[in-house]
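Scroll down for the structure; my scribbles are underneath it.
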Amino acid sequence: MRRTRRALDFDKSQSNYKRAAILEPSGLFRFRAVPRETLHNKTNRKKKKNKMANTNRIVDPMAVTWSERYNKTFERVWAKLPNFLGSFIATAAVFIMGSSIRGDWLLILVHFIKYLRNGQEEETNSTMSSDGLYGDFTLKDYKLEGLPYYILPAMIISYVTYLGVGGFLHWYYYVRQRDRPEEWKCQPTKWLSPELERHEILLGSLSLFFGSVLSGIISCYIMNGGKTFIYYDYADYGYVWAVLQWPAIFIWQDYLTYWGHRVFHTPFLYKHFHKLHHTYKQPTAFSVTAIHPAEFLFFQGILISPMFLVPTNWITMIVLLSYTYYHGIIDHSGINFKAYWWQPWQPNCIFHDNHHQYFHVNFGFNIKYWDTLHGTDRKKDRLYREDIFYGQGKSVDDATEGELAQDMAERESENPLAYDNNQHAYELKKSDLKKSKKNK
């Protein structure tokens with residue numbers, strides 16, 4: 001086939017040209033010879049534009065991206081660790097996060113120092129002065145000498161632990177095992193959006209600020225000889241109370257927390273305070289502090305109240321606080337953790353995950369019997385929604401077809417492995433509905 005002169009000219013100078021698809025006004029693509037220099041300049045302009053866009057992008061310092069960014073590095077290191085060591089590190093990370101993010105590590109340190117000194121207060125001569133609304137006063141007069149030196153470390157450790165250890169836990173489950181959520185996640189088909197993940201971290205960080213300030217104030221007050229009911233020798237109040245105080249204080253803390261939580265689920269308080277925490281229907285470990293600051297301080301006040309009300313040994317106080325904070329993270333993790341054999345009172349993680357998924361039910365935390373006692377535990381023949389208050393739900397017999405369809409979809413999204421014996425405790429079949437209607 002004879003080639004045209006134009007084709008021959010193109011062959012001679014093809015090193016300077018490149019065939020490119022050009023969209024013509026007719027809507028058809030035609031191949032034409034385009035100078036390589038022109039294509040090269042267009043490519044460079046595009047790369048430069050993308051680079052400028054990346055440069056001008058606002059970096060969110062609170063977003064947990066570092067664990068995802070270094071995922072491959074983590075994977076290489078983790079692959080070299082024995083399985084038991086990996087599980088131990090993950091468990092230790094939860095404990096460290098629980099005891100540190102609210103600044104209560106400082107309380108542990110202060111009590112330990114006081115224990116070494118046999119509970120005696122330290123006499124100091126230095127004073128920090130400040131002008132008050134009603135005249136001059138010194139922080140020493142209020143047992144708060146050196147207060148900034150308590151608050152600042154409490155904040156630093158809180159944020160480092162929250163973002164650092166929390167980021168590790170995020171990687172260990174939500175990044176490393178994201179391709180198999182049915183093995184570990186309470187709601188394996190549902191995830192928080194990136195926007196909500198960022199929202200919970202920002203809100204949690206705000207609440208941590210106030211929590212760290214409170215822990216710093218209390219630690220400073222105790223260290224400077226402030227009056228509390230904390231004591232350091234079990235023999236001081238007898239060994240009977242040394243034993244009884246464990247269940248007594250634990251029950252006091254958890255029962256007040258149950259009622260406080262339930263009160264925050266009344267329409268007015270829920271709308272103006274607690275609804276913020278229920279933005280996250282699929283909670284993560286970061287959700288534990290993602291709560292309105294006023295509510296955060298309220299519940300923290302309940303947990304530390306025994307040291308100002310009844311004789312409490314420092315070891316009892318520290319252990320119970322650590323236990324409560326540890327399970328606070330576990331219960332908000334969205335992971336199918338289960339209670340151990342020696343914890344018959346402790347609900348599985350799915351118990352509180354149900355609370356976030358269905359809103360006004362399962363108000364208890366570390367003792368599941370409160371909900372059973374007051375009838376606010378989840379029941380198989382009832383459905384729950386955000387607009388149905390007071391923990392009683394609505395009978396499936398009174399539900400419309402649309403309500404039943406929505407409830408059935410929610411139930412199907414739950415992981416059976418999160419329940420005892422790996423069986424879905426609230427699975428509702430169509431046959432169950434027919435039986436219920438017949439009995440009615």
Side-chain angles (χ1 to χ4, degrees), residues 60-65 97-98 101-102 158-159 162-163 166-167 169-170 173-174 178 181 185-211 257-258 260-300 325 327-335 349-365 376 378 383-391 393 406-407 409-411 413-415 418:
D60 182 0
M62 308 307 289
V64 185
T65 56
M97 187 176 179
I101 58 173
R102 299 169 186 254
S158 291
Y159 286 120
Y162 186 63
L163 298 175
L169 290 173
H170 175 79
Y173 287 101
Y174 286 83
R178 194 177 184 90
K185 201 170 186 296
C186 291
Q187 301 178 57
T189 61
K190 296 183 177 181
W191 306 78
L192 281 184
S193 66
E195 291 76 18
L196 282 180
E197 285 185 354
R198 185 178 296 108
H199 183 274
E200 71 172 349
I201 293 172
L202 288 170
L203 176 59
S205 299
L206 175 63
S207 295
L208 281 183
F209 172 83
F210 294 100
T257 301
Y258 166 82
H261 188 198
R262 190 170 170 181
V263 168
F264 270 105
H265 271 269
T266 53
F268 178 82
L269 291 178
Y270 180 80
K271 179 181 178 180
H272 293 90
F273 292 92
H274 197 59
K275 183 180 175 66
L276 198 58
H277 184 59
H278 276 269
T279 305
Y280 323 108
K281 284 192 67 175
Q282 298 81 39
T284 71
F286 292 109
S287 304
V288 68
T289 58
I291 193 169
H292 193 287
E295 190 179 356
F296 184 92
L297 293 176
F298 172 79
F299 286 113
Q300 192 166 357
Y325 293 151
H327 277 285
I329 293 174
I330 289 293
D331 293 344
H332 286 88
S333 67
I335 303 165
C349 175
I350 190 68
F351 183 85
H352 195 72
D353 201 84
N354 280 174
H355 174 74
H356 275 260
Q357 187 175 4
Y358 296 101
F359 300 97
H360 307 292
V361 67
N362 292 3
F363 299 115
F365 287 93
T376 55
R378 186 185 175 193
L383 57 83
Y384 304 86
R385 295 197 313 263
E386 191 173 16
D387 59 341
I388 303 176
F389 290 88
Y390 307 111
Q406 183 180 2
D407 183 68
E410 288 289 346
R411 296 185 193 225
S413 69
E414 298 175 47
N415 192 346

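Keep in mind that the numbers below use all heavy atoms, side chains included, and drop hydrogens, waters and symmetry copies.
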Is any side-chain heavy atom of [Y] closer than 4.5 Å to one of [X]?
X: Phe296; Y: Thr289; result: yes
X: Tyr162; Y: Met97; result: yes
X: Tyr173; Y: Ser333; result: no
X: Phe359; Y: Asp387; result: no
X: Lys185; Y: Tyr174; result: yes
X: Leu383; Y: Gln406; result: no
X: Val288; Y: Asp331; result: no

Rounded distance (nearest 0.5 Å) linking atom [atom1] of [X] with atom [atom2] of [Y]:
X: His277; Y: Leu203; atom1: NE2; atom2: CG; answer: 9.5 Å
X: His265; Y: Tyr390; atom1: NE2; atom2: OH; answer: 12.5 Å
X: Leu206; Y: His292; atom1: CG; atom2: NE2; answer: 9.0 Å
X: Lys190; Y: Gln357; atom1: NZ; atom2: CD; answer: 5.5 Å
X: Leu169; Y: Thr284; atom1: CG; atom2: OG1; answer: 10.0 Å
X: Ile329; Y: Ser287; atom1: CD1; atom2: OG; answer: 11.0 Å

I need the minimum non-hydrogen distance between Cys349 and Ile335, along with the two atoms involved.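 For Cys349 and Ile335, the tightest heavy-atom pair comes out as SG-O, 2.9 Å.
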Shortest non-hydrogen contact between Ala294 and Phe273, atoms and distance: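 Closest pair (atom of Ala294, atom of Phe273, distance): CB-CE2, 4.2 Å.
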Do we see a donor-acceptor contact under 3.5 Å between the side chains of [X] and [Y]?
X: Tyr270; Y: His278; answer: no
X: Tyr258; Y: Thr376; answer: yes
X: Ser413; Y: Gln187; answer: no

Main-chain N/O of Val263 paired to Thr266 side chain as donor or acceptor, under 3.5 Å: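 Such a contact is found between Thr266 side chain and Val263 backbone.
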Are His356 and Tyr280, when compared by the centres of their aromatic rings, separated by less than 6.0 Å?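 That pair fails the under 6.0 Å test.
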Where do Leu202 and Ser205 land on the side-chain contact (heavy atoms from CB on, under 4.5 Å) test, with the steps shown first? CA-CA 5 Å; Leu202 288 170; Ser205 299; 5.7 Å; no
Can you name the ring-ring contact (aromatic ring centres under 6.0 Å, His included) partners of Phe264, sequence neighbours left out?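 Testing Phe264 for ring-ring contact (aromatic ring centres under 6.0 Å, His included), a comparison that skips the adjacent residues, returns Phe298, Phe299.
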Carefully, step by step, assess Phe210 and Gln300 under the rule side-chain contact (heavy atoms from CB on, under 4.5 Å). CA-CA 10 Å; Phe210 294 100; Gln300 192 166 357; over 6 Å; no
Indicate the ring-plane relationship of Phe389 and His360, choosing parallel, tilted or perpendicular according to the 30° and 60° boundaries.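 Plane angle between 30° and 60°, so tilted.
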With side-chain contact (heavy atoms from CB on, under 4.5 Å) as the criterion, how do Trp191 and Gln282 come out once you've worked through the C-alpha distance, each side chain's angles and the decisive distance to 0.1 Å? CA-CA 6 Å; Trp191 306 78; Gln282 298 81 39; over 6 Å; no
Identified side-chain hydrogen bond (donor to acceptor under 3.5 Å, both in side chains) counterpart of His355 within the set His332, Arg378, His261: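 Testing His355 for a side-chain hydrogen bond (donor to acceptor under 3.5 Å, both in side chains) against His332, Arg378, His261 leaves exactly one candidate, His261.
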Verdict with supporting geometry, Asp407 and Tyr358, side-chain contact (heavy atoms from CB on, under 4.5 Å): CA-CA 9 Å; Asp407 183 68; Tyr358 296 101; 4.1 Å; yes
By the salt bridge (Lys or Arg N to Asp or Glu O under 4.0 Å) test, which pairs, at least two apart or in different chains, include something from residues 277-300?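 Pairs touching residues 277-300 that pass the test: Lys281-Glu410.
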